[in-house]
> 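Handing you this structure, nothing more for now.
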Amino acid sequence: MSTSAPQPAPEGRDPHALRPTPGTRVEFRHITKIFTNNKHAETRALDDVSLTVEPGEVIGIIGYSGAGKSTLVRMINGLDTPTSGELLLDGTDIVPLPEARLRSLRSHIGMIFQQFNLFQSRTAAGNIEYPLQLAKMPKPERKRRVKEMLDFVGLGDKGRSYPEQLSGGQKQRVGIARALATNPSLLLADEATSALDPETTREVLELLRKVNKELGITIVVITHEMEVVRSIADKVAVMENGKFVEYGSVYEVFSNPQTTVAQRFVATALRNTPDNVEAEDLLAHEGRLFTIDLTENSGFFPASARATENGATIDIVHGGVTTLQHQSFGKVTVRLNGNPQAMEDFYRSLSRTTTIKEIAR
Ligand SMILES: Nc1ncnc2c1ncn2[C@@H]1O[C@H](COP(=O)(O)OP(=O)(O)O)[C@@H](O)[C@H]1O
Ligand SMILES: [Mg+2]
């Protein structure tokens, strides 16, 4: 999605200005990482992981604490090496590369962190300038670039502020500006919004979406929050015990999660089925309760009309419908009362066209 072709810089333009990139292609091929502690006990942090991230894609990698997400990220920027397997960036296996090559490769990779990792002794502008100094960019260009970056992240007036004078969201904006200053084609975000409140999280994710749309950068978002995946990612990979247990488009995984772990994550972001407390409350009343998947052609409306004609009443008691990647889906929970045969017919007919589950007493 949103892969912008690289534009040749027009004559006379600043060759270092922020510009679209084709985005890096990332391929994990049978990556395993085993840590051994001093008692020779082994932890298989990554267990034969294979996955391809296409140029310009935003992928969300989600899993509980200890699943192996940070280890995976450290492989991508060459901060750690796999025990076995290949890791290809734009077709080149980086695993055997010497440190000097890795260092130059890292200048094409931006990284943002949960704790922002800003230099407290440098201003916002100073933090953004730091990687440009490392890249030996001449001073006048550096100044122009820092200003451009501050404007891009919406902090045009905060260049002289020190991190301690900035809010969490502003600090992460500085982190993003610093990560993008060298025009990377890949951005790694490890729990980058986990220290932020929900509103600030939304703002930062919006900024990352803009980064992807306008610059075409491939973004790998590591998170334990499904809401983050839902609002930014094209694809999602669910990690558990060092393996990808589920992978697909955000629509596929949200509308039809296969594994228990994916179902749990999806439930935290959608909340479209009654939880145990709500179910208990609903069951205190007369009638049969059904939860129905609403997708295209689910048959819910015709089945409801027939049930009503045949002497049942239907009340909607819970539900949620959402749109992801231009497709709508959701669930609705209804309570039926009245003619037992009409209720049974309702259940039978929807069993043929969609997923319907009775909430049993
Ligand atoms: N440097 C290390 N030495 C030993 N074990 C490690 C090291 N780094 C991570 N691990 C272990 O690898 C597993 C995955 O860790 P990590 O990648 O940090 O998970 P996540 O980021 O998903 O929380 C955990 O069991 C963790 O304890
Ligand atoms: Mg981690």
> Can a side-chain donor-acceptor contact be found between T24 and S185 if the only test is distance below 3.5 angstrom?
yes
> Output yes when a side-chain donor or acceptor of N127 lies under 3.5 Å from a complementary backbone atom of R122, and no otherwise.
yes
> Under 3.5 Å, is there a donor-acceptor pair between the H30 and E86 side chains?
no
> When rounded to the nearest 0.5 angstrom, what distance separates OG in S70 from CG in L188?
11.0 Å
> In terms of side-chain geometry, is the basic nitrogen of K243 or D47 positioned less than 4.0 Å from the acidic oxygen of its partner?
yes
> Before you tell me yes or no, could you show the steps for I59 and V236 under side chain to side chain contact (heavy atoms under 4.5 Å, CB included), namely the whole-Å CA-CA distance, both residues' side-chain angles and the distance that decides it to 0.1 Å?
CA-CA 6 Å; I59 186 165; V236 54; 6.0 Å; no
> Cluster question for you: counting only ILVMFWY and a side-chain heavy-atom cut-off of under 4.5 Å, with indirect links fine, are V250 and L51 together?
no
> Under 3.5 Å, is there a donor-acceptor pair linking the side chains of D48 and T32?
no
> Evaluate side chain to side chain contact (heavy atoms under 4.5 Å, CB included) for I61 paired with V221, printing each intermediate quantity in order.
CA-CA 6 Å; I61 296 180; V221 176; over 6 Å; no
> For F152, is the NZ or CZ atom of K210 found under 6.0 angstrom from the centre of its six-membered ring and inside 45 degrees of the ring axis?
yes
> Within this structure, what is the OG1-CG distance for the pair T83 and L46, rounded to the nearest 0.5 Å?
8.5 Å
> Can you check salt bridge (Lys or Arg N to Asp or Glu O under 4.0 Å) on E214 and R19, steps first, answer last?
CA-CA 9 Å; E214 292 184 10; R19 60 176 184 270; over 6 Å; no
> Is there a path of hydrophobic side-chain contacts, each under 4.5 Å between heavy atoms of I/L/V/M/F/W/Y residues, joining I128 to I217?
yes
> Check this for me, if you would: do E206 and R202 make a salt bridge, where the nitrogen-to-carboxylate-oxygen distance has to be below 4.0 angstrom?
no
> Under 3.5 Å, is there a donor on one side chain and an acceptor on the other for T333 and T291?
yes
> Nearest 0.5 Å, what's the CG-OG distance between L102 and S107?
11.5 Å
> Please check if the side chain of R44 supplies one atom and the backbone of I34 the other of a donor-acceptor pair under 3.5 Å.
no
> Can a salt bridge be assigned to the pair R25 and E27 using a cut-off of 4.0 Å between side-chain N and carboxylate O?
yes
> If you measure from CG on L270 to CE on M226, what distance do you get to the nearest 0.5 Å?
8.0 Å
> For the pair V238 and F244, evaluate side chain to side chain contact (heavy atoms under 4.5 Å, CB included) and give the outcome as yes or no after the intermediate values.
CA-CA 6 Å; V238 183; F244 290 129; over 6 Å; no
> We want to know whether T313 and R335 form a side-chain donor-acceptor pair, criterion being a heavy-atom distance below 3.5 angstrom.
no
> Does N276, at its CG atom, have more than 12 non-hydrogen atoms belonging to other residues, nucleotides or ligands within less than 6.0 Å?
no
> Looking at side-chain heavy atoms only, is the closest gap between V153 and V174 below 4.5 Å?
no
> State, to 0.1 Å, how close Q172 and I112 come at their nearest heavy-atom pair, and which atoms those are.
OE1-CB, 4.0 Å
> Please answer whether the main-chain N or O of G216 pairs with a side-chain N or O of N212 as donor and acceptor at a distance below 3.5 Å.
no
> Show your reasoning for whether salt bridge (Lys or Arg N to Asp or Glu O under 4.0 Å) applies to E129 and K143.
CA-CA 8 Å; E129 191 176 4; K143 298 292 172 198; 3.3 Å; yes
> Distance-only check: which donor-acceptor pairs under 3.5 Å involve side-chain atoms of residues 293-305, not counting sequence neighbours?
residue, atom, partner, partner atom, Å
D293, OD1, K331, NZ, 2.8
S298, OG, F300, N, 3.4
S304, OG, F300, O, 2.8

> Report yes or no: does T223 contribute a side-chain atom to a donor-acceptor pair with the main-chain N or O of E225 at less than 3.5 Å?
yes
> Mind checking ring pair (Phe, Tyr, Trp, His ring centres under 6.0 Å) for F265 and listing every partner two or more places apart, or none if nothing turns up?
Y64
> To check you understand the geometry: which heavy-atom pair defines the closest contact between A342 and N310, and what is its length?
CB-O, 3.5 Å
> Between R230 and E227, does any side-chain N to carboxylate O distance fall below 4.0 Å?
yes
> Do the side chain of Q263 and the main chain of P257 share a donor and acceptor less than 3.5 angstrom apart?
yes
> Stepwise, does the side chain to side chain contact (heavy atoms under 4.5 Å, CB included) test hold for V58 with L208?
CA-CA 10 Å; V58 181; L208 291 178; over 6 Å; no
> State whether the number of non-hydrogen atoms from other residues, nucleotides or ligands found under 6.0 Å of R160 atom CZ is greater than 12.
no
> Ring-plane angle category for F329 and Y251, please: parallel below 30°, perpendicular beyond 60°, tilted otherwise.
perpendicular
> Identify every side-chain donor-acceptor pair in residues 279-286 under 3.5 Å, counting partners at least two apart or on other chains, and give the distances.
none

> Enter the distance from L187:CG to I219:CD1 here, rounded to the nearest 0.5 Å.
5.0 Å
> So, does T43 use its side chain to make a donor-acceptor pair with the main chain of A45 at under 3.5 Å?
no
> Strictly by modelled atom types, are Q341 and D345 linked by a side-chain donor-acceptor pair under 3.5 Å?
yes
> Check this for me: Q120, atom CD, are more than 12 non-hydrogen atoms of other residues, nucleotides or ligands nearer than 6.0 Å?
yes
> I'd like to know if L205 and V220 are part of one continuous hydrophobic network [Ile/Leu/Val/Met/Phe/Trp/Tyr, side-chain heavy atoms within less than 4.5 Å].
no
> Rounded at 0.5 Å granularity, tell me how far CD in E191 sits from OG in S65.
8.5 Å
> Of all the heavy-atom pairs spanning K69 and I62, show the shortest one and how long it is.
CD-C, 4.0 Å
> Of all the heavy-atom pairs spanning R271 and H318, show the shortest one and how long it is.
O-CE1, 3.9 Å
> Just by modelled atom types, is the E252 backbone N or O under 3.5 Å from a matching donor or acceptor in the N256 side chain?
no
> Do R106 side-chain atoms and N77 backbone N/O form a donor-acceptor pair below 3.5 Å?
yes
> If you take all heavy atoms of F28 and V49, which pair is closest and at what distance?
CB-O, 3.7 Å
> If we count only N and O atoms by modelled type, under 3.5 Å, do the side chains of E246 and T259 hold a donor and an acceptor together?
yes
> Counting heavy atoms not belonging to Y247, are there more than 12 under 6.0 Å from its OH?
yes
> Salt bridge or not between D80 and K33? Use side-chain N to carboxylate O under 4.0 Å.
yes
> Determine, stepwise, if the pair K235 / E54 fulfils salt bridge (Lys or Arg N to Asp or Glu O under 4.0 Å).
CA-CA 10 Å; K235 299 279 177 60; E54 296 296 342; over 6 Å; no
> Any idea which heavy atoms bring A307 and I314 closest together, and the distance?
CB-CD1, 4.1 Å
> Determine whether M75 and V95 fall in the same hydrophobic cluster, where Ile, Leu, Val, Met, Phe, Trp and Tyr are linked whenever their side-chain heavy atoms lie under 4.5 Å apart.
yes
> Would you find a donor on one side and an acceptor on the other, under 3.5 Å apart, between the side chain of R209 and the backbone of S231?
yes
> Within the distance-only criterion (no hydrogens, no angle test), does the side chain of T193 pair as donor or acceptor with the backbone N or O of L196 below 3.5 angstrom?
no
> Using a strict 4.0 Å threshold on nitrogen-to-oxygen distance, state whether E148 and R145 make a salt bridge.
yes
> Using a 4.5 Å cut-off on heavy atoms from C-beta on, say whether the side chain of F290 contacts that of V332.
no
